[in-house]
Chemist: 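Before anything else, here's the structure in question.
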Amino acid sequence: MKANELVQITRTNRLSEGEFYSAVNGMFESIWTKLHPPQVLLEELSNTVRGNVITPADTEIPECLSCGACCASLICVGVRPGEDGDRSDQWEIVSDSDEGLVVDVFLKRDHETLACTALDGVVGETVACRIYESRPSMCHHFEAGSDRCHAIRRAYGLEPFMSLAEMSAAVQKLKAVPERISASKIIRNAKIERDAENGKLLISALAKDGTIFPIHSYDPDAETWRQFEFDGLTVEEADELIRTRSKKSE
Ligand code: SF4
Ligand code: SF4
């Protein structure tokens, strides 16, 4: 992605899904071509220490204040309804087919470093989060010491690369994790669309096996949802999330 395009994008607060994901692709390429390959697919790795599969239990937990690698490289940091923060730091993403419909909110990226706009300092040296106290829950849930944390640190050269034998053992361990939930019950992405007949909004889910099914219909004056909130959830987890928030709005 050209530098001047990103400058323009960081000056705007509203992007269509098409504009946003094209910018994400460009940023992803610019960031990851400068890093070491992650060795193991990041999507397969846990964000929590409790969910670790490949990191030995006695591995030291790294110090975030001298790292910042995840804040610099994980591009889509979603802001849930109620985590409003400073709107000038955020992109509102509107539906490609309905520009009045905000379907997601993400933290902006710095147009020079491509890191999260709230990250101060130099990755791998000294960093700080400018909005630490009010950072999105997505950041809270990303744990230092998790498999994914270590993988990103290796990509930045902040931890030694895995040897071929270690890499092979990691792949075997990931393969050995029993598939607890069928792919038809895990949501890959969700889509929010307006029902032209009654004005309600409908959330549909795309499952990992490619099936599409409706998960919630709601009145936009009573509830607010973002598409990213459903990424990676099981159908049961999505139901529970919807039940809890719908109850609060009653
Ligand atoms: S990659 Fe890990 S250690 Fe580094 S900032 Fe993120 S959570 Fe902290
Ligand atoms: S909000 Fe803070 S913790 Fe979250 S990605 Fe940005 S700099 Fe990192």
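Both ligands and their constituent atoms are indexed starting at 1 by order of listing. Numbering of residues begins at 1 and proceeds along the displayed sequence. Given the structure is predicted, the values throughout are model-derived calculations rather than measurements.
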Chemist: For the residue pair Phe20 and Phe106, categorise the inter-ring angle as parallel (less than 30°), tilted (30 to 60°) or perpendicular (more than 60°).
Modeler: parallel

Chemist: List the atom of Leu114, the atom of Arg109, and the distance in Å for their closest heavy-atom pair.
Modeler: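 Minimum heavy-atom contact is O-NE, 2.7 Å.
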
Chemist: Pick whichever of Leu119, Val79, Thr117, Asp120 has a heavy atom sitting closest to atom 7 (S) of ligand 2.
Modeler: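 The option holding the nearest heavy atom is Leu119.
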
Chemist: Could you report the tightest heavy-atom contact between Ser184 and Phe213, atom names first, then the distance?
Modeler: O-CE2, 4.0 Å

Chemist: For ligand 2, which atoms, with element, lie under 4.0 Å from some heavy atom of Ile131?
Modeler: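 Once the distances to Ile131 are compared, the set is 1 (S).
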
Chemist: Atoms of ligand 1 less than 4.0 Å from Phe142 heavy atoms?
Modeler: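 In order of numbering, the contacting atoms are 7 (S).
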
Chemist: Centre of Trp91's six-membered ring, under 6.0 Å away, within 45 degrees of the axis: is that where NZ or CZ of Arg14 sits?
Modeler: no

Chemist: Is Cys116 close enough to atom 6 (Fe) of ligand 2 to have an N, O or S atom under 2.8 Å?
Modeler: yes

Chemist: Under 3.5 Å, is there a donor-acceptor pair linking the side chains of Glu17 and Gln227?
Modeler: yes

Chemist: Tell me: protein heavy atom nearest atom 4 (Fe) of ligand 2, and distance?
Modeler: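 Nearest neighbour among protein heavy atoms for atom 4 (Fe) of ligand 2, to 0.1 Å: Cys139 SG, 2.3 Å.
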
Chemist: Nearest heavy-atom pair of Val105 and Phe228: which atoms, and what distance?
Modeler: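 Where Val105 meets Phe228 most closely, the heavy atoms are O-CE2, 4.0 Å.
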
Chemist: When you compare the side chains of Ser137 and Glu83, does any donor N or O come within less than 3.5 Å of an acceptor on the partner?
Modeler: yes

Chemist: With atom 4 (Fe) of ligand 1 as the centre, enumerate protein N/O/S atoms below 2.8 Å in chain and residue order.
Modeler: Cys67 SG

Chemist: Is a side-chain donor-acceptor pair under 3.5 Å present for His111 with Gln8?
Modeler: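 No, no side-chain donor-acceptor pair sits under 3.5 Å.
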
Chemist: Please state which protein non-hydrogen atom is closest to atom 1 (S) of ligand 2 and give its distance, to 0.1 Å?
Modeler: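 Heavy-atom neighbour on the protein nearest atom 1 (S) of ligand 2: Leu107 CD1, 3.5 Å.
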
Chemist: In sequence, state the C-alpha distance, the side-chain angles, and the governing distance for Glu240 and Arg245, and then conclude on salt bridge (charged side-chain N to carboxylate O under 4.0 Å, His left out).
Modeler: CA-CA 9 Å; Glu240 181 56 29; Arg245 192 169 311 157; over 6 Å; no

Chemist: Looking only at protein heavy atoms, which one is nearest to atom 2 (Fe) of ligand 2, and what is the separation?
Modeler: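 Residue, atom and distance for the closest contact: Cys129 SG, 2.3 Å.
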
